[in-house]
Amino acid sequence: MSLRVLIVEDDPEIAGFVTQGLREEGFVAEAVGDGDSAAHAVRPGGWDLVLLDIWLPGRDGLTVLRQIRAAGDATPVLLLTARDAVEDRVEGLNAGADDYLVKPFAFAELLARVHAILRRPPGLRSTRLVYADVTLDLAGQKAERAGRPLLLTAREQALLGHFLRHPDEVVSRTRIYEAVWDERYDGLSNTLEVHVMELRKKLEALGPRLIFTVRGKGYVLTTRTGEDAPA
């Protein structure tokens, strides 16, 4: 069965070439041009992926996205937008987006991101990330540990989300920095270290350490210690 993709885009030219391109790749693709139509078209189980523009007539894309997640719908969403500031990307990801693509884009890159999202295990598409006693609700933008709230900044929340998507996996500083800050890591800035330190403090105020430094390699979110810890 062909995978179904909904394109929510008010620019007819962009909507047209994306719809045609996806159909040529074997997808069932349909397009709507405003947020209100998108809110009615999106339904749990109806689509395998939603490509969602942020600037839309009627309801904007982030409002539509938050409504999707608030309804418990975990359908993957790829945001398409001309807004390329880091804060905008963090806001979109915290609202529950699975990925973010800035206009103008090449269809080849869009297709690669679509395939990457659809290859992810279903658990990584959820708007609720859980590891041990830590929970991050992407739709509600709330984090908890042991049932108690974690008061995180937007950047700390994005950082926690990255760790929660890669539990028990050593992730390099470069990989974390470029995913959360969307900038190349020059190896000189201590911005990442400062944010990890602050996130650790807030987590450890409510329980044992979960984020460990792996010397020369990066960081790992894990409950495993000693010989069982990731190397």
Side-chain angles (χ1 to χ4, degrees), residues 1-9 18-19 22 25-32 34-54 56 58-81 88-101 110-145 147 149-150 152 154 156-169 171 179-180 182 221:
M1 181 181 293
S2 297
L3 296 173
R4 293 172 51 82
V5 180
L6 176 66
I7 299 103
V8 185
E9 170 60 61
V18 171
T19 301
L22 290 175
E25 292 294 328
F27 293 88
V28 174
E30 298 180 19
V32 296
D34 62 83
D36 294 337
S37 297
H40 291 296
V42 176
R43 56 193 182 280
W47 304 97
D48 296 290
L49 177 67
V50 176
L51 307 183
L52 180 62
D53 187 22
I54 286 184
L56 292 169
R59 279 173 263 199
D60 64 81
L62 289 180
T63 297
V64 173
L65 175 56
R66 292 189 178 102
Q67 290 173 342
I68 292 172
R69 297 310 187 216
D73 185 350
T75 301
V77 174
L78 170 60
L79 288 180
L80 306 177
T81 181
D88 293 330
R89 301 184 190 195
V90 170
E91 182 181 14
L93 293 171
N94 283 341
D98 293 79
D99 202 353
Y100 203 113
L101 186 58
L110 170 67
L111 186 62
R113 289 177 183 257
V114 166
H115 283 307
I117 290 174
L118 294 175
R119 282 197 302 268
R120 294 175 186 171
L124 294 183
R125 302 178 193 168
S126 172
T127 61
R128 190 169 181 268
L129 304 176
V130 181
Y131 182 77
D133 59 352
V134 177
T135 301
L136 177 59
D137 179 358
L138 297 173
Q141 300 186 49
K142 297 178 182 178
E144 295 181 346
R145 181 164 196 190
L150 288 164
L152 306 179
E156 290 166 354
Q157 190 173 118
L159 182 59
L160 177 61
H162 189 78
F163 281 123
L164 290 172
R165 288 186 175 94
H166 303 279
D168 296 313
E169 176 185 344
V171 284
V180 176
D182 198 35
L221 174 76

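Note that the numbering runs from 1 along the sequence shown for the chain.
- In this structure, Leu111 and Glu25 have side chains that are in contact, with non-hydrogen atoms separated by less than 4.5 Å.
- A search for side chain to side chain donor-acceptor pair (under 3.5 Å) contacts involving Ser37 returns Asp34, not counting sequence neighbours.
- Taking all atoms of both residues into account, the shortest heavy-atom contact from Ile117 to Pro76 is CG2-CB, 3.4 Å.
- Between Val114 and Asp99, every side-chain heavy-atom pair lies at or beyond the 4.5 Å cut-off.
- By the 4.5 Å heavy-atom criterion applied to side chains, Leu101 and Leu51 are not counted as neighbours.
- Take Arg145 and apply the side chain to side chain donor-acceptor pair (under 3.5 Å) test, not counting sequence neighbours, and it matches Asp133.
- A heavy-atom distance below 4.5 Å is not found between the side chains of Leu49 and Leu3.
- Thr63 OG1 to Leu56 CG: the interatomic distance, rounded to the nearest 0.5 Å, is 9.5 Å.
- Residues that satisfy the salt bridge (charged side-chain N to carboxylate O under 4.0 Å, His left out) test with Asp60, not counting sequence neighbours, are absent from this structure.
- Although no hydrogens or angles enter the test, the distance criterion places a donor-acceptor pair under 3.5 Å between the side chain of Asp48 and the main chain of Arg4.
- Scanning both residues, Gly61 and Leu52, for their nearest heavy atoms gives O-CD2, 3.3 Å.
- Separation of atoms CZ (Phe27) and NE2 (His115) is listed at 4.5 Å; rounding is to 0.5 Å.
- The two residues Ala41 and Trp47 come nearest to each other via the heavy atoms O-NE1, 3.1 Å.
- The distance from atom OG1 of Thr81 to atom CD of Glu9, rounded to the nearest 0.5 Å, is 9.5 Å.
- Between Val42 and Val8, the closest side-chain pair of non-hydrogen atoms is not below 4.5 Å.
- To the nearest 0.5 Å, atom CG of residue Leu80 and atom CG of residue Leu110 are 6.5 Å apart.
- A 4.5 Å side-chain heavy-atom check between Gln157 and Leu136 finds at least one atom pair inside the cut-off.
- Using a 4.5 Å cut-off on side-chain heavy atoms (C-beta onward), Thr75 and Leu6 make no contact.
- Note that CZ of Arg59 and CZ of Arg66 are 14.0 Å apart. Values are rounded to the nearest 0.5 Å.
- In terms of heavy-atom proximity, Ala38 sits nearest to Val64 at CB-CG1, 4.3 Å.
- Residues Gly92 and Leu79 come closest through the heavy atom pair CA-CD1, 3.7 Å.
- Shown here for Leu160 and Ala143, the closest heavy-atom pair between the two residues is CD2-CB, 4.2 Å.
- At a threshold of 4.5 Å between non-hydrogen side-chain atoms, the residues Val18 and Val5 do not count as touching.
- Put simply, CG on Leu62 and CD1 on Ile54 are 4.5 Å apart, with the number rounded to the nearest 0.5 Å.
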